[in-house]
Amino acid sequence: MTDAPARFGDLTGKTVLVTGASQGLGAGFATTLAAAGAKVALAARQTGKLADLQTRIENAGGTAHAVAMDVTDAGSVRAGFDAAEAALGPVDVLVNNAGIAIPKPFLEVTEADWDAVLDTNLKGCFLAGQEAARRMAKRDGGSIVNIASVLGQQVIGQLASYCASKAGLIHLTKAMGLELARVGVRVNAIAPGYIETPINAEFFHSPAGEKLVKGIPQRRLGRENDLDGALLLLASDASRYMTGTVVTVDGGFLLG
Ligand SMILES: NC(=O)c1ccc[n+]([C@@H]2O[C@H](COP(=O)([O-])OP(=O)(O)OC[C@H]3O[C@@H](n4cnc5c(N)ncnc54)[C@H](OP(=O)(O)O)[C@@H]3O)[C@@H](O)[C@H]2O)c1
């Protein structure tokens with residue numbers, strides 16, 4: 001235990017593993033974490049994209065290492081952590097970011113749809129979170145940051161499985177925070193609102209998308225780097241007295 005002032009967002013010398021780092025928010029998180037001094041393990045299934053990102057981070061002067069990982073498979077998760085730790089040293093921080101959505105009216109959701117979403121968004125965070133926590137508990141502890149969603153707190157149509165998975169992840173965050181505090185592992189979540197990424201840009205420029213943006217109190221979509229403040233807070237020692245919390249980053253969406 002130290003009474004030294006916590007330095008916000010300083011990750012010098014820390015190893016961070018980011019799941020779902022091959023594109024979208026995860027690739028942005030990895031880049032931000034590397035710029036903050038972390039050695040970043042880039043985990044996902046599309047290893048070609050991970051290798052490209054590793055090169056971009058290294059060219060910018062950072063340290064990164066790509067590892068293949070399917071978060072729905074316990075053996076793959078374990079192998080990914082082994083490969084990350086062999087290359088970069090013990091994982092101090094896990095960012096549980098891998099996630100999918102299969103938008104459909106509730107009456108049309110298949111069992112396979114349901115399983116795919118819950119296996120990736122909830123079971124995946126359990127598997128990677130447990131693997132990380134077991135390793136962190138044997139050392140000096142660590143920090144786990146789960147990427148949830150405002151849709152874990154408030155539902156919208158056509159996304160029942162996604163909303164249920166993110167609500168489950170918020171509760172899992174609290175349950176893990178409660179149990180893991182005694183072994184020095186902190187577990188917190190970020191609940192992003194609507195963040196514009198290449199994948200959803202087209203929707204947000206449609207009439208339905210524009211209407212949705214008008215309902216956000218700040219009257220704009222989030223940008224990927226709007227999440228950096230919460231990420232760097234929860235990943236770094238600056239949040240050392242925080243566990244089991246959900247930091248909402250949504251331009252006021254949940255207030256609307
Ligand atoms: N964008 C938003 O507005 C928004 C808002 C709130 C929350 N979120 C959350 O933020 C996270 C990232 O979203 P995004 O918009 O960046 O999505 P995205 O662009 O579709 O990226 C999803 C990432 O998850 C990975 N992934 C999917 N299934 C996986 C599996 N079985 N094992 C390992 N990796 C897997 C994908 O990599 P591979 O295909 O290479 O495996 C990809 O890198 C998700 O959890 C999402 O729910 C996003």
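Numbering of ligands and ligand atoms starts at 1, following listing order.
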Would you mind checking which non-hydrogen protein atom is closest to [atom], with the distance to 0.1 Å?
atom	result
atom 47 (O) of ligand 1	Tyr162 OH, 2.5 Å
atom 32 (N) of ligand 1	Val71 N, 2.9 Å
atom 35 (C) of ligand 1	Ala98 CB, 3.6 Å
atom 37 (O) of ligand 1	Ser22 OG, 2.9 Å
atom 25 (C) of ligand 1	Gly20 CA, 3.5 Å
atom 41 (O) of ligand 1	Arg45 NE, 2.7 Å

Q. When hydrophobic residues are tied together by side-chain contacts of less than 4.5 Å, even through go-betweens, does Leu180 share a cluster with Met136?
A.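 Result: yes, single cluster for both.
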Q. Is it the case that one hydrophobic cluster holds both Leu234 and Val183, taking links as side-chain heavy atoms less than 4.5 Å apart, direct or via other members?
A. no
Q.
Under 4.0 Å from a heavy atom of Met69: which atoms of ligand 1 are those, numbered in the order shown and with their elements?
A.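 Listed by number with element: 32 (N), 33 (C).
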Q: Go through Arg135 and Asp82 one step at a time and tell me if the salt bridge (Lys or Arg N to Asp or Glu O under 4.0 Å) criterion holds.
A: CA-CA 10 Å; Arg135 292 167 189 247; Asp82 284 344; 2.8 Å; yes
Q) Would you find more than 12 non-hydrogen atoms of other residues, nucleotides or ligands less than 6.0 Å from Gln154 atom CD? A)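 Above 12, so yes.
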Q.
Please check if the number of heavy atoms outside Arg220 that lie under 6.0 Å from its CZ is greater than 12.
A. yes
Q) Among Pro192, Gly99, Ala128, Ala191, which residue places a heavy atom closest to atom 24 (O) of ligand 1? A) Gly99
(Q) I'd like the name of whichever of Gln46, Gln23, Lys166 reaches closest to atom 38 (P) of ligand 1 through any heavy atom. (A) Gln46
Counting only heavy atoms, which portion of [X] has something under 4.0 Å from ligand 1: side chain, backbone, both, or neither?
X	value
Ala148	backbone
Ile100	side chain
Asp70	both

Q) For atom 17 (O) of ligand 1, is the nearest protein heavy atom closer than 4.0 Å? A) no
Q: Decide whether the shortest distance between a heavy atom of Gly193 and an atom of ligand 1 is less than 4.0 Å.
A: yes
Q: Mark the output for Thr120 as yes if a heavy-atom distance to ligand 1 is under 4.0 Å, and as no if none is.
A: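 Thr120 counts as a contact of ligand 1 under the 4.0 Å cut-off.
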Polar proximity ligand 1 side, [X] side, N/O cut 3.5 Å exclusive:
X	value
Leu25	yes
Ala43	no
Tyr194	no
Ile195	yes
Thr72	no
Asn97	yes

Q. Would you call Val185 and Ile144 a side-chain contact if the rule is heavy atoms closer than 4.5 Å?
A. yes
Q. Any side-chain heavy atom of Val213 within less than 4.5 Å of one from Tyr194?
A. no
Q) Taking atom types as modelled and ignoring hydrogens, do the side chains of Ser236 and Asp10 form a donor-acceptor contact shorter than 3.5 angstrom? A)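 The answer is no; no qualifying pair exists.
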Q. Quick one: do the Thr110 and Asp113 side chains pair a donor with an acceptor below 3.5 Å?
A. yes
Q | N-O pairing of Arg139 and Glu85 below 4.0 Å | A |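 Yes, charged N to carboxylate O under 4.0 Å.
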Q: Evaluate the side-chain contact (heavy atoms from CB on, under 4.5 Å) criterion for residues Leu172 and Leu169: first the C-alpha distance (whole Å), next the side-chain angles of each, then the deciding distance (0.1 Å), finally the verdict.
A: CA-CA 5 Å; Leu172 178 65; Leu169 180 56; 4.2 Å; yes
Q. Just one of Asn146, Ile147, Leu17, Thr19 clears the side-chain contact (heavy atoms from CB on, under 4.5 Å) bar with Val95, so which one?
A.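 Exactly one option meets the side-chain contact (heavy atoms from CB on, under 4.5 Å) with Val95, and it is Ile147.
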Q: Start with the C-alpha gap between Met176 and Phe126, add the side-chain angles, then the distance that decides, and say whether side-chain contact (heavy atoms from CB on, under 4.5 Å) holds.
A: CA-CA 9 Å; Met176 288 174 67; Phe126 156 67; over 6 Å; no
